[in-house]
Engineer: 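Can you read through this structure? Questions will come right after.
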Protein chains: 2
Amino acid sequence: MNILEKITQNKSAFSKSERKVAEIILDNPQTAIHSSIATLAKMSDVSEPTVNRFCRRLDTKGFPDFKLHLAQSLANGTPYVNRHVEESDGPEEYTKKIFESTMASLEVARQSVDINIINRVVDLLTQAQKISFFGLGASASVAHDALNKFFRFNVPVVYFEDVLMQRMSCMNSNEDDVVVLISHTGRTKSLVEIAHIARANDATVVGITSKNSPLAKECNLVLSLEVPEDTDMYMPMASRIAQLTLIDILATGFTLRRGGKFRENLKRVKDTLRGSRFEKRQD
Amino acid sequence: MNILEKITQNKSAFSKSERKVAEIILDNPQTAIHSSIATLAKMSDVSEPTVNRFCRRLDTKGFPDFKLHLAQSLANGTPYVNRHVEESDGPEEYTKKIFESTMASLEVARQSVDINIINRVVDLLTQAQKISFFGLGASASVAHDALNKFFRFNVPVVYFEDVLMQRMSCMNSNEDDVVVLISHTGRTKSLVEIAHIARANDATVVGITSKNSPLAKECNLVLSLEVPEDTDMYMPMASRIAQLTLIDILATGFTLRRGGKFRENLKRVKDTLRGSRFEKRQD
DNA sequence: CATCAAATGTAGTAAATTTACAACTTATTC
DNA sequence: GAATAAGTTGTAAATTTACTACATTTGATG
């Protein structure tokens with residue numbers, strides 16, 4: 001992928017002159033991307049077509065294309081690794097690591113998400129008579145957040161932290177209701193039971209959970225998130241952020257589906273809050 | 001730094017035709033880097049020199065140089081534009097945009113965060129007799145999450161959603177207590193009042209909020225997060241994610257400060273949960 | 001040492017980018 | 001509301017850049 005590595009690897013396959021070009025580029029890639037083919041040829045002490053042939057040998061369309069690849073390889077300033085926090089880390093290190101690994105998790109989550117299912121879930125949500133969000137432990141705050149979002153849409157939305165309340169709520173559900181269950185592992189017993197109860201009452205059950213988990217099997221639709229967790233810390237972090245982002249996406253899909261007039265309504269809700277706030281200084 | 005962000009920011013400073021170019025590029029940057037100035041001009045329905053002028057306005061040497069910058073911005077690591085969701089976006093687009101802008105916000109948050117203050121807040125938290133987390137609206141779920149994390153540390157930790165409970169709790173606080181207040185805008189009246197009450201009772205008040213806000217002024221320490229929000233959607237999204245990440249960082253700092261034995265204890269808490277879960281299939 | 005294949009370079013061509021200038025639009029002033 | 005200035009945009013020519021076709025060289029082999 002990285003073109004600099006590729007050059008190093010293929011070095012032996014190059015011809016004498018091509019190798020000269022390779023040396024110069026590896027030696028000072030930053031200069032290379034800002035040079036024309038003529039300057040680079042002169043620097044490497046070869047002819048221009050040789051430089052061009054060198055580029056083609058690396059599966060690029062030509063010199064300009066090669067420069068783009070090179071530029072991208074050089075831009076990799078933020079290595080993406082899911083680096084784990086270590087005992088010896090100071091504030092600077094762990095802050096950096098947590099930010100980076102959170103971003104990396106989002107990238108992983110993005111790739112693992114299935115757009116079709118998102119679309120179907122949005123469909124369901126827009127048609128639901130009542131929407132419930134349930135989660136336990138760390139996922140409770142995600143459900144809480146979902147409540148906050150969907151509440152603004154003026155849709156009957158339900159959220160309970162209490163397991164018994166969750167059960168009772170599901171027992172009273174019917175086929176027009178959507179129950180969204182959030183769990184990273186998908187192995188929390190009481191949540192799986194709740195899924196079961198909800199389905200027994202003909203509600204549609206959507207899981208935001210890990211693929212192939214017991215919970216996933218009880219759901220009508222599963223938004224699976226495969227996010228690596230730093231288990232050393234014994235706390236769910238990345239999974240929650242991914243779940244929240246998914247909630248954001250569902251909420252956004254919901255508002256878009258409901259159209260422009262609906263957005264007006266949202267604005268009104270927001271404006272209502274104004275009275276509870278200090279005015280923003282105009283500067 | 002990132003040129004896509006730069007385009008979005010300077011959008012207002014552009015002329016009409018330049019803005020057309022900006023639209024096209026933001027809309028499909030991947031295509032842009034592989035196009036010639038002529039194709040891009042045609043796509044934007046402007047003349048070639050206009051495209052060139054557009055590039056210069058962004059402090060690049062010219063079109064080829066601009067493409068290099070763009071390529072670098074698109075490379076893994078810093079790909080993220082703060083692109084806003086639009087009415088016409090389908091599930092694919094808005095999913096992509098939300099993931100990307102969330103990641104971008106985290107990058108912005110990372111840069112705006114002050115490590116020294118993080119360190120001092122961790123100090124305070126480890127020494128606190130009682131820790132309270134309060135937030136309202138969207139920030140309530142962040143406080144909720146913080147409760148979840150710090151609860152595991154076997155520290156007296158308090159969280160209320162109810163404003164009155166928050167007030168009463170703060171009235172009973174003393175100089176060994178730390179009150180963490182979470183608010184994106186920092187202009188929520190009741191939260192500012194709570195900060196005032198807590199300080200009047202000698203508690204240390206930490207704000208996770210925007211710099212120079214009324215709330216920030218009432219706090220002993222401010223962890224300021226300057227995160228751009230897509231106000232079109234009328235819902236806080238990015239700010240929450242950044243706040244949560246900050247909570248993760250504080251929690252991590254906390255566990256690290258408490259040392260190895262403490263981590264043992266965390267593991268025990270986690271093991272206790274096992275009974276409530278289905279066993280993980282060994283495969 | 002003749003011959004072929006691979007490698008490299010030369011020169012010309014095509015393409016892309018930039019510059020200079022003219023036409024046009026939009027604000028500003030009297 | 002006309003006159004003028006400032007800013008914006010486009011046309012066409014100039015220049016730079018990259019590529020192609022072909023010629024020359026190098027080196028290996030019978």
Side-chain angles (χ1 to χ4, degrees), chain A residues 3 6-74, chain B residues 3 6-74:
Chain A
I3 201 131
K6 207 170 177 180
I7 296 174
T8 333
Q9 277 174 18
N10 291 33
K11 218 169 182 178
S12 50
F14 290 147
S15 73
K16 210 194 318 170
S17 305
E18 282 167 351
R19 214 166 300 149
K20 279 199 246 175
V21 181
E23 298 286 353
I24 294 291
I25 289 169
L26 288 175
D27 214 49
N28 207 337
Q30 206 60 49
T31 312
I33 57 171
H34 292 114
S35 311
S36 71
I37 196 167
T39 354
L40 203 61
K42 201 168 281 175
M43 283 201 290
S44 318
D45 196 31
V46 298
S47 71
E48 296 179 24
T50 302
V51 177
N52 192 289
R53 283 187 280 258
F54 165 83
C55 297
R56 297 240 166 107
R57 201 170 289 271
L58 290 156
D59 303 316
T60 62
K61 269 194 76 187
F63 184 69
D65 189 41
F66 168 78
K67 281 210 289 193
L68 287 177
H69 280 264
L70 189 57
Q72 295 206 326
S73 302
L74 290 172
Chain B
I3 200 132
K6 206 169 176 181
I7 296 174
T8 334
Q9 277 175 18
N10 291 33
K11 218 166 180 178
S12 49
F14 290 146
S15 73
K16 210 197 312 172
S17 306
E18 283 167 350
R19 213 166 301 148
K20 279 198 244 172
V21 182
E23 300 284 354
I24 294 288
I25 289 170
L26 288 176
D27 213 50
N28 207 338
Q30 205 61 48
T31 311
I33 58 170
H34 292 114
S35 312
S36 71
I37 197 168
T39 355
L40 203 62
K42 202 166 282 175
M43 283 200 291
S44 319
D45 196 32
V46 297
S47 70
E48 298 178 21
T50 301
V51 177
N52 192 284
R53 283 187 280 258
F54 166 84
C55 298
R56 297 241 165 104
R57 200 170 289 273
L58 291 155
D59 303 316
T60 62
K61 271 194 74 186
F63 184 69
D65 189 41
F66 168 79
K67 280 210 288 192
L68 288 177
H69 281 265
L70 189 57
Q72 296 206 326
S73 301
L74 255 46

Engineer: In this structure, how many angstroms lie between the P atom of C:dG9 and the CG atom of A:Asp45, rounded?
Structural biologist: 8 Å

Engineer: Tell me the interatomic distance from B:Phe14, atom CZ, to D:dT9, atom P, rounded to whole angstroms.
Structural biologist: 12 Å

Engineer: Remember a base hit wins even if backbone is also touched, and classify A:Val51 as base, sugar-phosphate or nothing at under 4.0 Å, heavy atoms.
Structural biologist: nothing

Engineer: Write down the distance between CZ (B:Phe54) and P (C:dT18), rounded to a whole number of angstrom.
Structural biologist: 14 Å

Engineer: CZ of B:Arg56 to CG of B:Asp65: how many Å apart, nearest 0.5 Å?
Structural biologist: 10.0 Å

Engineer: Which nucleotide, C:dT17, D:dG10, C:dT8, lies nearest any side-chain atom of B:Thr50?
Structural biologist: D:dG10

Engineer: Reckon A:Ser17 has a side-chain N or O less than 4.0 Å from the OP1 or OP2 of C:dT8?
Structural biologist: yes

Engineer: Identify which nucleotide among D:dG27, C:dT17, D:dA18 has an atom closest to any side-chain atom of A:Lys16, counting heavy atoms from C-beta outward.
Structural biologist: D:dG27

Engineer: Taking the nucleotide of DNA chain C with the closest heavy atom to each, which residue, B:Pro64 or B:Arg53, is nearer the 5' end?
Structural biologist: B:Pro64

Engineer: Counting N and O atoms only, with roles assigned by atom type, does the side chain of B:Ser73 sit under 3.5 Å from a partner on the main chain of B:Ile3, one being a donor and the other an acceptor?
Structural biologist: yes

Engineer: Measure the acute angle between the ring planes of A:Phe66 and A:Phe54, then classify it against the limits of 30° and 60° as parallel, tilted or perpendicular.
Structural biologist: perpendicular

Engineer: Between the main-chain N or O of B:Cys55 and the side-chain N or O of B:Thr60, is there a donor-acceptor pair closer than 3.5 Å?
Structural biologist: yes

Engineer: Ignoring the backbone of B:Pro49, work out which of D:dA18, D:dT11, C:dG9 is nearest its side chain.
Structural biologist: D:dT11

Engineer: Output yes when at least one side-chain N/O atom of B:Arg56 is less than 4.0 Å from OP1 or OP2 of C:dT19, else no.
Structural biologist: yes

Engineer: Is a donor on one side and an acceptor on the other found under 3.5 Å between the side chain of B:Lys67 and the backbone of B:Ser35?
Structural biologist: yes

Engineer: Side chain of A:Phe63: nearest nucleotide among D:dC19, C:dA16, C:dG9?
Structural biologist: D:dC19

Engineer: How close or far is atom P of C:dA16 from atom CG of A:Leu68, stated in whole angstroms?
Structural biologist: 14 Å

Engineer: Quick check on C:dA7: is either OP1 or OP2 less than 4.0 Å from any side-chain nitrogen or oxygen of A:Arg19?
Structural biologist: no

Engineer: Roughly how many Å is it from CD1 in A:Ile37 to C1' in C:dG9, rounded to a whole number?
Structural biologist: 13 Å

Engineer: Can you check the B:Lys67 NZ to C:dT18 P distance for me, whole Å?
Structural biologist: 10 Å

Engineer: Once you round it to whole Å, what is the distance between P of D:dA13 and CD of B:Glu48?
Structural biologist: 14 Å

Engineer: In whole angstrom, what separates B:Asn52's CG from D:dA12's P?
Structural biologist: 18 Å

